[in-house]
Amino acid sequence: MSTLAHTMMTAARSADSGVAGPGELDRYPYAEAPAPDRGAGPSWEGADPELGRVGRRAAGSRGRGLHGQLVQQLGQMIVSGDLGADRPLVPEEIGQRFEVSRTVVRESLRVLEAKGLVSARPNVGTRVRPVSDWNLLDPDIIEWRAFGPQRDDQRRELSELRWTIEPLAARLAAGHGREDVQQRLADMVEIMGHALGQGDALTFSRADSEFHTLLIQVAGNRMLEHLSGIVSAALQVSGGPVTGCDRPSESALAQHARIVDALGAGDGAAAEAAMRQLLTVHPEIERVVPAPREH
């Protein structure tokens with residue numbers, strides 16, 4: 001086993017199964033707005049009353065800290081339809097409901113505004129925006145849709161999007177002939193092979209995700225590269241409990257290896273064909289939507 005393979009497998013076992021969040025939440029602009037009429041406020045039924053206390057016990061959730069957890073909670077409620085379009089979001093009520101400060105609420109609403117889920121306007125306040133305004137390519141929204149009432153539509157759309165993006169990326173990547181990238185992809189295949197042999201689905205998943213992300217990034221098309229985060233999100237929600245393939249299998253491993261071989265030979269057509277085969281959904285294999293990750 002290569003040093004890289006050993007390091008990655010060891011790291012995967014010692015880490016939890018969560019995926020790093022978007023990070024710098026303070027970068028989003030936000031305009032303070034007067035609170036709307038409280039009489040028109042939303043119902044918070046179904047919200048997690050333990051959000052604040054859970055956050056204080058276990059830091060390090062998506063987005064880091066309490067406001068990352070509040071973004072998760074409110075985002076899921078909006079995407080699921082529990083908080084419908086044009087519903088007012090009163091910061092004071094949110095703070096009281098989830099036992100968090102106004103600063104935490106404000107930071108959370110900034111993030112949701114950047115994702116197109118809410119809007120803040122003078123004399124109107126903060127309100128939920130219609131689906132047509134959402135950034136449906138945002139990795140968080142992809143995940144929230146995948147675990148909500150729209151899960152079937154989300155998975156179908158993700159599958160169709162990957163069929164559009166990844167075969168083309170594989171074909172383009174074959175024309176670049178970068179030995180360092182090909183070695184890195186080969187390393188990911190090696191890691192997946194060892195993980196498969198040990199029944200380590202988590203390590204398999206992480207190597208799989210890096211493989212697909214790297215392949216898109218090396219395609220030499222900046223617009224495709226911009227979509228690599230979407231594919232990474234799709235791999236987290238479109239397959240089995242922790243992997244983007246139908247399930248870790250020798251067949252999936254073989255197709256990844258075929259892609260690497262085609263890249264080494266500079267054969268774009270073969271790389272594209274292998275990727276299409278990898279993305280083929282086999283009807284005899286049950287595809288189960290995983291439960292949302294705990295935060």
Side-chain angles (χ1 to χ4, degrees), residues 21-22 25-49 51-52 61-63 66-100 102-161 227 229-230 233-234 236-238 289 291-293 295:
L25 303 181
D26 295 340
R27 68 184 184 277
Y28 299 111
Y30 178 82
E32 287 282 0
D37 181 8
R38 289 178 182 272
S43 168
W44 298 104
E45 292 182 4
D48 182 1
L51 183 145
S61 64
R62 173 182 292 278
L66 290 178
H67 62 89
Q69 295 183 57
L70 185 57
V71 166
Q72 182 86 353
Q73 181 75 59
L74 293 178
Q76 288 176 332
M77 294 179 72
I78 292 170
V79 169
S80 69
D82 290 340
L83 297 176
D86 206 36
R87 295 295 294 272
L89 299 178
V90 183
E92 291 83 356
E93 291 182 354
I94 296 174
Q96 292 173 4
R97 180 65 182 82
F98 296 105
E99 300 182 13
V100 294
R102 183 175 177 80
T103 299
V104 169
V105 175
R106 183 169 60 249
E107 294 299 322
S108 300
L109 293 177
R110 285 179 179 175
V111 178
L112 295 175
E113 187 174 20
K115 297 176 184 297
L117 294 179
V118 305
S119 62
R121 299 178 181 177
N123 303 319
V124 175
T126 302
R127 291 181 176 270
V128 177
R129 298 171 70 174
V131 177
S132 58
D133 292 341
W134 299 354
N135 178 8
L136 295 178
L137 299 183
D138 182 280
D140 284 332
I141 295 179
I142 288 174
E143 178 177 320
W144 296 335
R145 290 185 71 208
F147 300 134
Q150 305 173 46
R151 60 173 62 88
D152 291 339
D153 287 341
Q154 178 66 101
R155 289 185 56 182
R156 174 182 54 79
E157 291 166 4
L158 284 173
S159 178
E160 293 169 352
L161 187 60
L227 300 177
I230 299 168
Q236 296 297 324
V237 303
S238 63
V289 175
R293 297 191 303 271
H295 293 274

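Throughout, residue positions are numbered sequentially from 1 according to the sequence presented. Hydrogens, waters and symmetry mates are skipped; everything else that's a heavy atom, side chains included, is used.
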Rounded to the nearest 0.5 Å, how far does [atom2] of [Y] lie from [atom1] of [X]?
{"X": "Ser80", "Y": "Arg145", "atom1": "OG", "atom2": "CZ", "result": "12.5 Å"}
{"X": "Ile78", "Y": "Lys115", "atom1": "CD1", "atom2": "NZ", "result": "11.0 Å"}
{"X": "Asp152", "Y": "Glu157", "atom1": "CG", "atom2": "CD", "result": "10.5 Å"}
{"X": "Leu112", "Y": "Arg129", "atom1": "CG", "atom2": "CZ", "result": "11.5 Å"}

- Decide, yes or no, whether a salt bridge links Glu107 with Arg110 under the criterion of side-chain N to carboxylate O below 4.0 Å.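 Result for this pair is yes, salt bridge flagged.
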Any [X] side-chain heavy atom under 4.5 Å of [Y] side chain:
{"X": "Val104", "Y": "Phe98", "value": "no"}
{"X": "Gln72", "Y": "Glu143", "value": "yes"}
{"X": "Leu117", "Y": "Val128", "value": "no"}
{"X": "Val118", "Y": "Leu74", "value": "no"}

- Message: Please give me the minimum heavy-atom distance between Ile141 and Trp134, naming the atom from each residue.
- Response: CD1-CB, 4.4 Å
- Item | Residue pair Pro130 / Ala85: nearest heavy atoms and the distance that separates them |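 Taking Pro130 first and Ala85 second, the nearest heavy atoms are CA-CB, 3.9 Å.
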- Message: Taking Gly148's backbone N and O only, do any of them form a donor-acceptor pair with Gln154's side chain (distance below 3.5 Å, no angle check)?
- Response: no
- Message: Tell me whether Ser108 contacts the main-chain N or O of His67 through its side chain, where contact means a donor paired with an acceptor under 3.5 Å.
- Response: yes
- Identify, with sequence neighbours excluded, every residue that meets side-chain contact (heavy atoms from CB on, under 4.5 Å) alongside Asn135.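 Leu137, Asp138.
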- Task: Check step by step if side chain to side chain contact (heavy atoms under 4.5 Å, CB included) holds for Thr126 and Glu113.
- Result: CA-CA 9 Å; Thr126 302; Glu113 187 174 20; over 6 Å; no
